[in-house]
Amino acid sequence: MVEDVLDRFFERAKARAAKLGPSYLSLWQTLEDSTAGGKRVRPRILLTAYLNLGGTDTAAAAGVGAAFELLHTALIVHDDVIDLDFTRRGQENVSGVYRELASSAGAETGAARHRGLSAGVIAGDLALTGAFRLLDRSPVSPETRLRLAEILDDAVFASAGGELIDVDFSFHPGAPPIDEILHMERLKTAVYSFEAPLQAGAVLAGAPDEVVSTLGLYGRDIGIAYQVVDDLLGVFGSETATGKSTFSDLREGKRTVLISYASDKPEWAELSDLIGSPSLTARGAARARELLVSSGARDHARELVREYADRARQRLDCPAVTPGLRAALSAVVDDAVNRGR
């Protein structure tokens, strides 16, 4: 049903855009393409909480789930602009599509790049306002809509703060402490991906405040675990399995828990000369991985995944959490741990 909600949203938007001109319609089509094909993690998390807490109005839940999916689209489109990325998962993103269009029309490299990034900003803004528009149209009571809007707004607020911290990290001469990196990852991604959808599902189901609070804490812990797993996969994962380059984090010199841990080890003298270099070769990347292993960084990251996964499991011991929800969310914990191995 989430797909149906998104399809209707884009059909209405494209009909409105067509009245304003073909170029605007084209942007909406590109934005729709960038939203398609995802795993729908956030709607699934929301529906897991909602249905296991006795919710029965799947149409309302699908509408709110779609709002979180559009929020996800908005944030990754903007994140790509901030990172000056023109591809995502091996394909051109919104900025990449518009850079290529400009290049094909004869624009110089700098102008084409600017055109692509500009389109990314605009498309991300449209997805962000669309998320709140979908939420506003959900068939729920005014009181519930207000609570849901506060949850969504808190998620946007936290993600923006986390994004800014991440940008600031790029100017850090060394590597920030692990706690600061985990704080950034929680704000930037875990809040809107886990904490907020779980709480929204509970609010929709009319769950007690104790359950809403418990699910938020669970979401915080499992969300951090998943982000550390992503740090691991970004360096040691299979590109075929993840769809992500295992070079980009190293070439960018991305400040992750792996890099933070290794920065205090003897291997850092060699590792620091490898990471953050646009000319990093396959051989150099392989050596960087060896150093991250020998320094103990990979093992430490895996231990962090287990630590936060265990915290998340303990949150589910709350008597107010139903057996069905406990089982479903325990499976999410198991998935995080298994992906991080």
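As the structure is a prediction and not an experimental result, all values here were calculated from the model.
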In terms of relative ring orientation, are Phe10 and Trp28 parallel, tilted or perpendicular, with 30° and 60° separating the classes?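 The rings of Phe10 and Trp28 stand perpendicular, inter-plane angle above 60°.
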Less than 3.5 Å apart, any donor N or O on the side chain of Tyr226 or Asp335 sitting next to an acceptor on the other? yes
Are a donor atom and an acceptor atom from the side chains of Glu163 and Ser159 found within less than 3.5 Å of each other?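 No, Ser159 and Glu163 have no side-chain donor paired with an acceptor closer than 3.5 Å.
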Does Arg99 make a cation-pi contact with Phe86, if we ask for NZ or CZ under 6.0 Å from the ring centre and within 45° of the axis?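 The answer is yes, since Arg99 meets both limits relative to Phe86.
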Rounded to the nearest 0.5 Å, what separates atom CG in Leu70 from atom OG1 in Thr129? 9.0 Å
Between CD on residue Glu180 and OG on residue Ser260, distance to nearest 0.5 Å: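 Interatomic distance, Glu180 CD to Ser260 OG, rounded to 0.5 Å: 8.5 Å.
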Taking atom CZ of Arg16 as the centre, does the number of heavy atoms from other residues, nucleotides or ligands within less than 6.0 Å exceed 12?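 No, not enclosed.
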Is it true that [X] and [Y] make a salt bridge, defined as a side-chain N closer than 4.0 Å to a carboxylate O?
X	Y	answer
Arg147	Glu143	no
Arg186	Glu195	yes
Arg313	Asp310	yes
Glu303	Arg306	yes
Arg287	Glu290	yes
Arg40	Glu3	yes

Is there a chain of hydrophobic side chains (I, L, V, M, F, W, Y, each step under 4.5 Å between heavy atoms) that links [X] to [Y]?
X	Y	result
Val235	Val257	yes
Tyr192	Phe194	no
Met184	Ile224	yes

Shortest non-hydrogen contact between Gly65 and Pro43, atoms and distance: O-CG, 3.3 Å
How far apart are the C-alpha atoms of Lys14 and Glu11, what are their side-chain angles, what is the distance that settles it, and do they pass the salt bridge (Lys or Arg N to Asp or Glu O under 4.0 Å) test? CA-CA 5 Å; Lys14 288 187 294 185; Glu11 286 304 316; 3.3 Å; yes
